[in-house]
Amino acid sequence: MIIRALPEESPRKLNILLAEDNAVNSVLAQKLLQKQGHTVTSANNGIEALKLWEENRFHHFDIILMDVQMPEMDGLQAATRIRERELGTGAHIPIIAVTAHAMKGDRERCLAAGMDGYIAKPINPSELAKAIQATVPVGAKIAAVPADPVLKGPSDIELLARFDGDSALLKELAGIFLQECPRVLDEIRAALGTADLRALERAAHTLKGSVGNFAMPGPWETAQRLELLAKSGQLSGAQEIFHVLEQQIVRLNQILARHAAEPARQPL
Ligand code: MN
């Protein structure tokens, strides 16, 4: 990975997507960012942010500042959706979470949702500039491993062992999974939305079968819980379980993306 060191006196002028529902906070952040030389497009909630990000993929934003608490769709959900849609494209837009409460576990939740950085409100101008500088120049960096044991990923050795030590095979299967995964998650989301038990059972079963190959028990167990709930015919708590599953899958996908991107090793 190439790390571009930027001279501190001339920070890059960025094209920033700002998602913030509170008008006062939004205007303040816009002004601060503009004073730092950036261009800002603002969204009032996660749905708007997702839409703007998608519409502007090709003359793209450099970074997203994402408020965590917003109506319609919160920042965690919006970040999760963006990471799902980036899968297999090699793209990774830096996302900095902006949160009102520095509660314990907040940072971990943001990282688990695929965000790269984190700042607390009220926004401090120099902290904002620092967070942006720390996140953007590195480009496609992968979020730090969250401390939550549910999200603990396999070691490379554990993962490779599932593929008979064959890194080319792991690379191929990781690529297939990354491509298929958003579709299966969409199926689960749709089935939950319409309370379609059979579709939910089928999609959760498919996902369970796929993740089972990657030596990460968390998402396998969560997918199985959804499958069993659907089978039992009662869906109370299913949305919460799905939310955990989404976070676990983001984490797994971060790990797999690293392997999918790796150049195949030549045998010596
Ligand atoms: Mn808010």
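Residue indices begin at 1 and follow the sequence shown. Remember, it's 1-based here, ligands and their atoms both numbered in the order they're listed.
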Derivation and outcome, side chain to side chain contact (heavy atoms under 4.5 Å, CB included), residues Val98 and Val68: CA-CA 6 Å; Val98 184; Val68 171; over 6 Å; no

Salt-bridge criterion met for Arg189 and Glu84 (N-O under 4.0 Å):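 Salt bridge present between Arg189 and Glu84.
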
Asp116 bridged to Arg83 by N-O distance under 4.0 Å: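 Between Arg83 and Asp116 there is a salt bridge, with a charged N closer than 4.0 Å to a carboxylate O.
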
Metal site the Mn ion (ligand 1): N/O/S of Gln69 inside 2.8 Å: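 A backbone or side-chain N, O or S atom of Gln69 is under 2.8 Å from the Mn ion (ligand 1).
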
Atom name in Asp67, limited to N/O/S, at shortest distance from the Mn ion (ligand 1):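 Nearest to the Mn ion (ligand 1) within Asp67's N, O and S set: OD2.
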
Closest approach to the Mn ion (ligand 1) by Asp21, given as the N, O or S atom name: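 This turns out to be OD1.
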
Pair Gln248, Thr222: side-chain N/O donor-acceptor within cut-off below 3.5 Å: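 Checked: Gln248/Thr222 side chains pair up, N/O donor to acceptor below 3.5 Å.
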
